[in-house]
Amino acid sequence: MRRKKLALAAGFCLAFLLGTLLNLLCVPGFDHHQQQLQNGVTPVPLIAASRQGKGSSQDLLKQLQERYKEVIRYREHQAPVSATVRLLLRPLERRLMDLAQRSSENVHKPENSKSSIPDLSPVSPLSSKIDVSLRPPLLSCQDITNGSNVRYLGSGYTKAVYKLVLNDTVSVALKSVDFGGHDIQNCVQLYRNLEDCYRLASFKIVKEMILLQRLQHPNILQLYGYCYQDSNDISDTLTTITELGSPLEMIQLLQSSWEDRFRICLSLVRLLHYLAHSPLGSITLLDFRPRQFVIVDGELKVTDLDDASMDGTSCSSNADCFMEFPARNFTLQCSVEGKCQNMNEKRNLYNAYRFFFTYLLPHSAPSSLRPLLDSIVNATGELRWGIDETLAQFEKILYMYKNGLYLPNITHAPMAEYKQVADISIAEEDYRCWPSYHHNGCLLSVFNINEAIKICESHSQCQAFVWTNQTTWTGRQLVFFKAGSRNLVPDIDKITYLKLTS
């Protein structure tokens, strides 16, 4: 009898230990370290939230349903496109197609999309991916596997970003959900469900992918492809592959030439004009901050579109069309259709004014252009202009600057004579000026030789200048201004102008 009791006790203990072990093994793990390359965004399936009869689980499921429907809405929405807007649409760059050097069979084939929204009810959880591909992707999982020099760049509230080098020549950006980010951690702390919290966060990147495909513009980051794979015990996680840009550093921009700063503002205005007349309708950037933009080859490009919105604001009176900003507020008109007129456009424009125009436009601009630039700053700060008028004024200033129309009409008589020496440059003998294209020298852009002479005469240090064979984005000539001319060196295609008298 005693042996029987001992056997029963031992069996009970063994069963308890086995049950505890199985429970521990079945608990979903949580990866607190930064997202690995293969970890990514899951755009899709709604594997229903763990249903334990808790209200919090139903709240999470409701959020999943709403965000999923939003993704589908952005994928399927159509808006009338005018002839003007069609002229703005440009195809994707093709340089990666040449660099990838892959055969067509390696290109990722997207799954067939479904036109109807699947049943999202708790009794019928989804188990298939959302088809986010609106065109065949240039890059896929194989390209990530074959890439090299992976480097973590940073992360935000939801996403982590990495740099990847393809074929040892081209760098691209990889975006994925950051398991250690605030979005995932806050959700898991509240709902205790890693997989569904990941799904919820991943829909932001899916929405961004769809917008990057549907909105084709030179000032919107290029989407090159994506990769689905299982990771962290979660199926169909997603990594997006995009164009790589440099972070927008306002301090560095303030130290750059006016011409480059004007280019940044012009890029932004062209982008906002496109968003106001996009194929999806008028789109506003709700999270409008400099960190949402990058610079690619001197051009400003928006990189984060997960907080973009094409929804208009309904109204019954003008009081419903209230826009609040830190410095001031605006009340727009309520249309007869019950929509606030141009609210998305105006919100973008005022944010451009307060984050970009006030800092980058007027300072160190050519004196004859400053009244026009002040008009842009004042009109956008008061929202007296729309984006169409703002873009027209920017293009007018660009035309004047490129064609030298900002220069005075009177003929400038040089105070000194200059000797022209071909195929010669001056080594060293630099002095600093601001703003300059060169940190340790005075390198400026000019429209013609007369402007170069005028600049040299306005600098007390200038004794010579070198006409280089380089031009800026506007086609203006780059000129090195020098403090002396003792170190003359051979330099093909350069022309040196030596000041003979003072």
Side-chain angles (χ1 to χ4, degrees), residues 34-35 37 90 92-93 95-96 99 138-139 144 147-176 178 205 208 211-212 215-225 239-272 274 285 287-308 351-352 355-357 359-361 363 434-440 443 445 470-474 478:
Q34 291 295 339
Q35 176 83 355
L37 279 183
R90 301 184 185 180
L92 283 169
E93 296 174 353
R95 58 189 176 95
L96 281 174
L99 291 168
L138 298 176
L139 303 175
I144 295 179
S148 60
N149 298 327
V150 179
R151 183 162 63 91
Y152 170 77
L153 296 180
S155 58
Y157 189 81
T158 302
K159 295 169 287 189
V161 183
Y162 300 83
K163 176 182 177 181
L164 177 72
V165 178
L166 302 177
N167 299 328
D168 297 323
T169 55
V170 176
S171 296
V172 296
L174 305 179
K175 285 186 181 182
S176 57
D178 182 7
I205 299 186
E208 182 174 275
L211 287 175
L212 288 176
L215 304 176
Q216 294 296 302
H217 188 268
N219 299 112
I220 295 178
L221 207 69
Q222 300 273 340
L223 176 70
Y224 293 140
T239 297
T240 62
I241 311 169
T242 69
E243 189 175 19
L244 179 67
S246 302
L248 187 68
E249 301 288 349
M250 293 300 291
I251 299 299
Q252 294 180 6
L253 273 180
L254 290 172
Q255 297 172 346
S256 65
S257 68
W258 176 82
E259 189 174 337
D260 284 349
R261 285 184 274 118
F262 178 77
R263 184 182 188 183
I264 295 298
C265 293
L266 176 63
S267 299
L268 178 59
V269 171
R270 287 172 172 171
L271 167 66
L272 298 186
Y274 173 78
L285 304 176
D287 190 13
F288 195 117
R289 292 175 295 168
R291 64 178 298 177
Q292 310 292 40
F293 300 87
V294 295
I295 297 178
V296 180
D297 298 329
E299 288 278 335
L300 185 77
K301 296 197 177 193
V302 63
T303 178
D304 287 336
L305 289 175
D306 54 315
D307 288 313
N351 279 325
F355 284 116
F356 289 88
F357 299 165
Y359 301 107
L360 303 181
L361 268 186
H363 310 295
W434 186 86
S436 172
Y437 286 93
H438 194 280
H439 294 296
N440 296 318
L443 180 64
S445 73
Q470 297 176 303
T471 57
T472 66
W473 65 279
T474 59
L478 284 174

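Because only heavy atoms are used, hydrogens play no part in the values below, and waters and symmetry mates are left out as well, while side chains stay in.
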With the side chain counted from C-beta on, respond yes when [X] and [Y] share a heavy-atom pair under 4.5 Å apart, and no when they do not.
{"X": "Trp473", "Y": "Glu259", "value": "yes"}
{"X": "Leu221", "Y": "Val302", "value": "no"}
{"X": "Val294", "Y": "Ser246", "value": "no"}
{"X": "Phe288", "Y": "Leu272", "value": "yes"}

His217 vs Arg270, side chain to side chain contact (heavy atoms under 4.5 Å, CB included): CA-CA, chis, key distance, verdict
CA-CA 9 Å; His217 188 268; Arg270 287 172 172 171; 4.3 Å; yes
Between [X] (side chain only) and [Y] (backbone N and O only), is there a donor and an acceptor less than 3.5 Å apart?
{"X": "Arg261", "Y": "His363", "value": "yes"}
{"X": "Tyr224", "Y": "Ala173", "value": "no"}
{"X": "Gln292", "Y": "Asp287", "value": "yes"}
{"X": "Gln222", "Y": "Pro218", "value": "no"}

Has Arg291 got more than 12 heavy atoms of other residues, nucleotides or ligands less than 6.0 Å from its CZ?
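Check fails, neighbour count at 12 or below.
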Taking everything shown except Tyr359 itself, do over 12 heavy atoms lie less than 6.0 Å from its OH?
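It does not: Tyr359 OH has 12 such atoms or fewer within range.
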Centroid separation under 6.0 Å, is that true for the rings of Phe293 and Phe356?
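Yes, they do, as the ring centres are separated by less than 6.0 Å.
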From [X] atom [atom1] to [Y] atom [atom2], the distance as rounded to the nearest 0.5 Å:
{"X": "Ile220", "Y": "Leu305", "atom1": "CD1", "atom2": "CG", "answer": "6.0 Å"}
{"X": "Leu300", "Y": "Leu360", "atom1": "CG", "atom2": "CG", "answer": "9.5 Å"}
{"X": "Arg289", "Y": "Asn351", "atom1": "CZ", "atom2": "CG", "answer": "11.0 Å"}
{"X": "Leu443", "Y": "Thr472", "atom1": "CG", "atom2": "OG1", "answer": "10.5 Å"}
{"X": "Leu223", "Y": "Leu139", "atom1": "CG", "atom2": "CG", "answer": "9.5 Å"}
{"X": "Asp178", "Y": "Ser155", "atom1": "CG", "atom2": "OG", "answer": "4.5 Å"}

Ile241/Leu174 under side chain to side chain contact (heavy atoms under 4.5 Å, CB included): CA gap, chis, key distance, verdict
CA-CA 5 Å; Ile241 311 169; Leu174 305 179; 3.8 Å; yes
For residues [X] and [Y], report the shortest heavy-atom separation together with the two atoms involved.
{"X": "Ser257", "Y": "Pro435", "value": "CA-CB, 3.7 Å"}
{"X": "Ser176", "Y": "Thr239", "value": "CB-OG1, 4.1 Å"}
{"X": "Tyr274", "Y": "Gln216", "value": "OH-N, 3.2 Å"}

Given Lys175, which partner from the list Thr158, Thr240, Thr303, Asp306 fulfils the side chain to side chain donor-acceptor pair (under 3.5 Å) test?
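One option only clears the test, and that one is Thr303.
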Working for side chain to side chain contact (heavy atoms under 4.5 Å, CB included), residues Leu268 and Asn219:
CA-CA 7 Å; Leu268 178 59; Asn219 299 112; over 6 Å; no
Check against side chain to side chain contact (heavy atoms under 4.5 Å, CB included), Asp260 and Ile264:
CA-CA 6 Å; Asp260 284 349; Ile264 295 298; 5.8 Å; no
